[in-house]
Q: 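Pasting a structure here, questions to come.
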Amino acid sequence: MAEYSHSRLSTFEDCPRKFRYRYVDQIKVDTEGVEAFMGKRVHEILERLYHHVGRFGRPPSLSQVLERFRQDWARAWHDNVTIVRSENAPDFYRERGERCLENFYRSNYPFSEGETVAIEERLQLSLDPDGRYRAVGIVDRIVRRGDGLFEIHDYKTSGYLPPQQRVDEDRQLALYQIGLEQTYAEVREVELVWHYLLFNRTLRSRRSPEALSK
């Protein structure tokens with residue numbers, strides 16, 4: 001049985017040979033781009049933030065969030081983190097990560113809108129009626145708003161802010177919506193939400209049944 005994901009499909013579209021090396025031959029790569037390293041650390045902190053809110057009913061302070069990020073950054077840093085733009089020091093990217101977190105924290109405090117029902121949820125979905133083709137995706141956060149309205153939240157740490165048309169055509173969160181509807185029986189409506197953290201911008205989109213079928 002084939003199991004796909006948005007990242008696998010994107011890799012193939014970008015370079016079939018790269019797809020083969022990574023997913024068929026499973027050639028291990030020791031290096032890690034600094035942008036990916038920074039994105040992982042930011043995602044980990046936001047995951048912990050919402051777990052803290054769910055457990056204690058209130059968020060940690062912004063200073064605690066940033067200090068934990070700095071500690072995690074230092075602990076996880078390794079010699080094989082690569083920086084293509086040699087004019088930028090590692091601290092440049094660490095400070096960008098801090099800015100991402102500060103923007104999100106100040107815009108969403110006290111983190112009480114909607115009910116967070118899942119964090120880093122792994123959704124599996126069938127792409128055909130017979131279940132021969134399946135896809136998988138990990139959702140940053142799923143929020144229930146009530147009356148069957150759900151939101152799929154995705155955090156972006158990139159330095160690129162897409163136009164609305166681009167997110168309206170986005171495949172990644174559309175696949176997540178299919179998985180959400182197949183997993184949660186009470187789903188009636190779904191809103192897709194992107195947090196472009198560096199820009200402190202939130203973009204939203206919805207998919208018609210025809211768009212999901214496509």
Q: Report the C-alpha distance between H78 and E32 in whole Å, list the side-chain angles of each, state the deciding distance to 0.1 Å, and finish with yes or no for side-chain hydrogen bond (donor to acceptor under 3.5 Å, both in side chains).
A: CA-CA 9 Å; H78 56 90; E32 180 180 14; 2.9 Å; yes
Q: Is there a side-chain contact between L198 and R96, using heavy atoms and a 4.5 Å cut-off?
A: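 Heavy-atom side-chain distance check passes, below 4.5 Å.
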Q: Is there a donor-acceptor contact under 3.5 Å from the side chain of D170 to the main chain of Q172?
A: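 Yes; judged by distance alone, with no hydrogens or angles, the pair exists.
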Q: List the steps, then state whether ring pair (Phe, Tyr, Trp, His ring centres under 6.0 Å) holds for F37 with Y93.
A: CA-CA 9 Å; F37 178 88; Y93 296 97; over 10 Å; no
Q: Tell me, with the steps shown, if R106 and L62 meet side-chain contact (heavy atoms from CB on, under 4.5 Å).
A: CA-CA 8 Å; R106 294 188 184 279; L62 177 57; 3.5 Å; yes
Q: If you count every heavy atom of other residues, nucleotides or ligands that lies below 6.0 Å from F111 atom CZ, does the total exceed 12?
A: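 Yes - once you tally the heavy atoms of other residues, nucleotides and ligands closer than 6.0 Å, there are more than 12.
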Q: Angle between ring planes, W73 versus F69, binned at 30° and 60°: parallel, tilted or perpendicular?
A: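 Answer is tilted, since the angle falls between 30° and 60°.
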Q: Under a 4.5 Å cut-off applied to non-hydrogen side-chain atoms, are P90 and V34 in contact?
A: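 With C-beta onward as the side chain, the pair stays apart.
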Q: Is there a continuous path of hydrophobic side-chain contacts, each under 4.5 Å between heavy atoms, that joins L192 to I178?
A: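 No, because L192 and I178 fall into different hydrophobic clusters, even though each may have its own neighbours under 4.5 Å.
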Q: For the SG atom of C100 and the CD atom of E95, what is their distance to the nearest 0.5 Å?
A: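 It is 12.5 Å, given to the nearest 0.5 Å.
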Q: How many angstroms lie between CZ in F56 and NE2 in H51, if you round to the nearest 0.5 Å?
A: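 Going from CZ on F56 over to NE2 on H51, the span is 12.5 Å.
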Q: Please give me the minimum heavy-atom distance between P59 and L49, naming the atom from each residue.
A: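 Minimum heavy-atom contact is CB-CD1, 4.1 Å.
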Q: With a 4.0 Å cut-off, would you call E47 and R141 a salt bridge?
A: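 R141 and E47: not salt-bridged.
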Q: Are the aromatic ring centres of Y155 and F104 under 6.0 angstrom apart?
A: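 Under 6.0 Å, so yes.
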Q: Looking only at non-hydrogen atoms, find the nearest pair between T82 and G33 and report the distance.
A: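 Heavy atoms only, the tightest pair is OG1-CA, 3.5 Å.
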Q: Please answer: with hydrophobic residues joined when any side-chain heavy atoms are less than 4.5 Å apart, are I152 and L125 in the same cluster?
A: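 Each belongs to a different hydrophobic cluster.
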Q: Between D154 and K156, is there a side-chain heavy-atom distance shorter than 4.5 Å?
A: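 K156 reaches D154 side chain to side chain.
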Q: Under 3.5 Å, is there a donor-acceptor pair between the side chain of D72 and the main chain of R41?
A: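 Checked: no pair found.
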Q: Would you kindly confirm whether F199 and L173 end up in one hydrophobic cluster when ILVMFWY residues are joined by side chain heavy atoms under 4.5 Å apart?
A: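 Yes, F199 and L173 fall within the same hydrophobic cluster.
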Q: What's the separation between atom CD in E151 and atom CZ in R145, rounded to the nearest 0.5 Å?
A: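 That separation rounds to 4.0 Å.
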Q: Does the side chain of V139 reach to within under 4.5 Å of the side chain of L123, using non-hydrogen atoms?
A: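 Counting from C-beta outward, V139 and L123 do come under 4.5 Å.
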Q: Do other residues, nucleotides or ligands put more than 12 heavy atoms under 6.0 Å from F19 CZ?
A: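 Enclosed.
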Q: What verdict does the side-chain hydrogen bond (donor to acceptor under 3.5 Å, both in side chains) test give for D168 and S205, after you've listed the backbone C-alpha separation in whole Å, the side-chain angles of each residue and the deciding distance to 0.1 Å?
A: CA-CA 6 Å; D168 287 339; S205 181; 2.8 Å; yes
Q: With a 3.5 Å distance limit and no angle check, can you tell me whether Q164 reaches the backbone of R204 through a side-chain donor-acceptor pair?
A: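 Side chain of Q164 to backbone of R204: a pair is present.
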Q: What orientation do F150 and Y184 show, parallel under 30°, tilted 30 to 60°, or perpendicular over 60°?
A: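 Aromatic pair F150/Y184 classed tilted.
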Q: Does R48 make a cation-pi contact with Y50, if we ask for NZ or CZ under 6.0 Å from the ring centre and within 45° of the axis?
A: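 Judged by the rule (NZ or CZ under 6.0 Å from the ring centre, within 45° of its axis), R48 is not positioned above Y50.
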Q: Any link between L197 and Y109 through a network of hydrophobic side chains (Ile, Leu, Val, Met, Phe, Trp, Tyr) touching at under 4.5 Å?
A: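 Looking at the clustering, Y109 is in the same group as L197.
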Q: Give a yes or no on whether the backbone of R58 and the side-chain of H52 come within a donor-acceptor separation of less than 3.5 Å.
A: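 Yes; judged by distance alone, with no hydrogens or angles, the pair exists.
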Q: One pair to check against side-chain hydrogen bond (donor to acceptor under 3.5 Å, both in side chains): E210 and S213. What are the steps and the verdict?
A: CA-CA 5 Å; E210 293 76 19; S213 177; over 6 Å; no
Q: Can you find a side-chain donor-acceptor pair between S10 and R8 that sits under 3.5 Å?
A: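 Looking only at side-chain atoms, R8 and S10 do not form any donor-acceptor pair under 3.5 Å.
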Q: With a 4.5 Å cut-off on side-chain heavy-atom distances among I, L, V, M, F, W and Y, is there a chain of contacts connecting I138 to L46?
A: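 No, because I138 and L46 fall into different hydrophobic clusters, even though each may have its own neighbours under 4.5 Å.
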Q: Should the heavy atoms of other residues, nucleotides or ligands under 6.0 Å from CZ of R166 be counted, would the total exceed 12?
A: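 Counting neighbours around CZ of R166, 12 or fewer heavy atoms of other residues, nucleotides or ligands fall under 6.0 Å, so no.
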Q: Around N80, counting heavy atoms of other residues, nucleotides and ligands shown, do more than 12 lie under 6.0 Å from its CG?
A: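 Yes, CG of N80 has more than 12 neighbouring heavy atoms, counting only those of other groups under 6.0 Å.
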Q: With a 6.0 Å cut-off (strictly less than), is the heavy-atom count around CD of E113, excluding the residue itself, greater than 12?
A: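 No.
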Q: Supply the atom-to-atom distance T157 OG1 to H195 NE2, rounded to the nearest 0.5 angstrom.
A: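 So the OG1 of T157 and the NE2 of H195 are separated by 13.5 Å.
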Q: Which heavy atom of L127 sits nearest to which heavy atom of L175, and what is that distance?
A: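 Minimum heavy-atom separation between L127 and L175: CD2-CD2, 4.1 Å.
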Q: Test T202 against W194 for side-chain contact (heavy atoms from CB on, under 4.5 Å), laying out the working first.
A: CA-CA 6 Å; T202 300; W194 293 261; over 6 Å; no
Q: Pair R70, E98 - check salt bridge (charged side-chain N to carboxylate O under 4.0 Å, His left out), show working.
A: CA-CA 8 Å; R70 296 183 192 110; E98 291 178 16; 3.1 Å; yes
Q: If the threshold is 4.0 Å, N to carboxylate O, is there a salt bridge linking E35 and R85?
A: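 Here E35 does not pair with R85 in a salt bridge, since their nearest N and O are not under 4.0 Å apart.
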Q: Would you compute the distance between atom CD of E120 and atom CD of E44 and round it to the nearest 0.5 angstrom?
A: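 The CD atom of E44 is 9.0 Å from CD of E120, to the nearest 0.5 Å.
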Q: What verdict does the side-chain contact (heavy atoms from CB on, under 4.5 Å) test give for R134 and Q124, after you've listed the backbone C-alpha separation in whole Å, the side-chain angles of each residue and the deciding distance to 0.1 Å?
A: CA-CA 7 Å; R134 301 186 62 81; Q124 291 182 306; 3.8 Å; yes
Q: Is it the case that atom CG in D91 sees more than 12 heavy atoms from other parts of the structure closer than 6.0 Å?
A: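 Atom CG in D91 is packed in, count exceeds 12.
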Q: Side chains of D140 and H43: any donor to acceptor distance under 3.5 Å?
A: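 The answer is yes; a qualifying pair exists.
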Q: Under the side-chain contact (heavy atoms from CB on, under 4.5 Å) rule, what do L161 and L203 come out as? Steps first, then yes or no, please.
A: CA-CA 10 Å; L161 180 65; L203 302 179; 4.2 Å; yes
Q: Take atom CZ in R201; do more than 12 heavy atoms of anything else shown fall under 6.0 Å from it?
A: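 Counting other residues, nucleotides and ligands, CZ of R201 stays at 12 neighbours or fewer.
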Q: So which atom in N88 and which in I83 form the shortest heavy-atom distance, rounded to 0.1 Å?
A: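 Here N88 and I83 meet closest at O-CG2, 3.6 Å.
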Q: Using side-chain heavy atoms (C-beta onward) and a distance below 4.5 Å, is Y176 in contact with L180?
A: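 The answer is no; the side chains never approach within 4.5 Å.
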Q: Identify the heavy atoms of V190 and R206 that sit nearest to each other, and give their distance.
A: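 Closest approach of V190 to R206, heavy atoms only: O-CG, 3.8 Å.
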Q: Does Q182 reach the main-chain N or O of S126 with its side chain, forming a donor-acceptor pair under 3.5 Å?
A: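 Looks like yes, one N/O pair under 3.5 Å.
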Q: Roughly how far, to the nearest 0.5 Å, is CZ of R22 from OG1 of T11?
A: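 Separation between the atoms: 4.5 Å.
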Q: How far apart are the closest heavy atoms of A174 and R207, and which atoms are they?
A: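 Nearest heavy atoms, A174 then R207: CB-NE, 3.9 Å.
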